Amino acid sequence: MSSSNGNGVKVLYIGGVGRSGSTLLDLLLGQIPGFFAVGELKYIWNRGLQENQLCGCGQPFRDCPFWQEVGRKAFGGWDTVDLDAMLELEDSVDSHQRLPVLVSPGLSPRYKGRLAAYGDVLHRLYAAVAEVSGSEVVVDSTKRPGYGFVLRRAEGIDLRVVHLVRDSRGVAFSWNKRVQRPEVHDRVEYMPSYSSFWAGARWTVTNALFHLLRACGADGPTVRYEQLVREPRGSLERIATEALGHESAPVRVPGDADWIAGHNHAVAGNPLRLKGGELKIRADEEWRTKMGARQRLVILLMTWPLLLRYGYLGKPRAQG
Ligand SMILES: [Zn+2]
């Protein structure tokens, strides 16, 4: 395992369940001087290189000058990458079925070899992003716990994790809605939606895995979505300081004079990254008035221990 002693490329990983505001946090962190947001980099191989989906700058991935330069620095050009072999390697290390192997302390020599090979690829990729963007910290909002464990075990990557949590009832309500993926420009495709039971189970397991990743030595702050949207500046300052290990340059939020609207090179992730223009931060609390009693009860019964731990039940806490 790599250690968090300051060696290697600094990667700030946003971990948590989908629909927790991770793309918003990614875009906000990406505007801090010295930070660069890449979106959900796990999906660079399939959604970027294979399907040529839209980058956050609005261009198809293969036409984006930033990613072309990263490809050159990391691998001598994307054309030198054997995509089929890469997708196979990724799948053999970090698919849903591999998760139990990935989080266990003892790894087979064969799996260790594949993990080292994939870790080497990721190290080259993140180092190239840091170099081309001229940044100190690369922000990745892939969110998935498995990929967090991969990064934690990769040599040459100095990992910090922001564990982003959101009230399970808000997440479940959002998961029930159908949202179209605008980055898929040649057909209609929707983001996944889940039943109440699966939403509750997924929320609990995902968050629990981030507690396990913490126990495996991945340091960093825990941030509540509701606190982030209420008080973005304070939340960002706290995350940036913990990620760097020292105070960051002043953070920017939408509305500040030096805020740069609508510019990013995020790969995959929520439709928000493609909107451009002024980014509006507002709390999505629709579930409080529109969520059905039955769904609310199912989610509450399934998720109350962690809801309690994060301070969502009982008296509201001042700290997020
Ligand atoms: Zn781009």
Side-chain angles (χ1 to χ4, degrees), residues 9-14 18 21-81 83 86-87 90 121-144 147 151 157 162 179-187 189 191 236 251-254 258-281:
V9 194
K10 274 193 178 138
V11 175
L12 179 59
Y13 189 64
I14 302 174
S22 59
T23 302
L24 172 69
L25 179 58
D26 192 53
L27 294 175
L28 290 170
L29 286 171
Q31 291 249 347
I32 300 174
F35 287 61
F36 189 82
V38 290
E40 304 181 11
L41 212 54
K42 172 182 166 60
Y43 304 108
I44 189 170
W45 314 111
N46 57 348
R47 297 195 199 159
L49 279 171
Q50 193 176 42
E51 296 176 16
N52 203 24
Q53 292 187 4
L54 298 181
C55 172
C57 67
Q59 304 204 59
F61 177 83
R62 283 179 178 273
D63 294 338
C64 168
F66 174 80
W67 287 109
Q68 278 183 2
E69 186 57 24
V70 168
R72 260 194 300 275
K73 283 263 190 284
F75 310 106
W78 293 118
D79 293 341
T80 69
V81 175
L83 191 54
M86 193 64 85
L87 289 168
E90 188 214 356
V121 167
L122 295 181
H123 172 233
R124 284 157 69 175
L125 183 59
Y126 286 93
V129 168
E131 193 185 336
V132 175
S133 64
S135 57
E136 194 183 343
V137 180
V138 180
V139 183
D140 184 314
S141 59
T142 297
K143 301 186 296 285
R144 281 176 44 162
Y147 193 66
L151 291 174
I157 289 181
V162 186
V179 179
Q180 197 186 329
R181 290 187 188 278
E183 74 272 32
V184 181
H185 49 103
D186 52 358
R187 61 185 185 277
E189 194 179 304
M191 295 175 79
L236 293 172
V251 305
R252 299 191 277 249
V253 296
D258 52 356
W259 175 263
I260 307 156
H263 185 75
N264 70 80
H265 291 289
V267 176
N270 189 284
L272 189 63
R273 79 204 154 86
L274 290 166
K275 284 207 171 129
E278 193 56 60
L279 180 68
K280 287 195 176 63
I281 303 180

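One-based numbering, in listed order, for ligands and for the atoms of each. Please read all numbers here as calculations on a predicted model, not as lab measurements.
- Annotation: protein N, O or S atoms under 2.8 Å of the Zn ion (ligand 1) (waters excluded) comprise C55 SG, C57 SG, C64 SG, H265 ND1.
- With rounding to the nearest 0.5 Å, the separation of CG in L125 from CD1 in I44 is 5.0 Å.
- In this structure, K42 pairs ionically with E90, as a charged nitrogen and a carboxylate oxygen lie closer than 4.0 Å.
- Of all non-hydrogen atoms in E40 and S141, the two that sit nearest each other are CG-O, 3.3 Å.
- Interatomic distance, L83 CG to N46 CG, rounded to the nearest 0.5 Å: 8.5 Å.
- Below 30°, between 30° and 60°, or above 60°: for F36 and H265 the angle between ring planes is below 30°, a parallel geometry.
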Can W67 and V38 be said to form a side chain to side chain contact (heavy atoms under 4.5 Å, CB included), step by step?
CA-CA 10 Å; W67 287 109; V38 290; 3.8 Å; yes
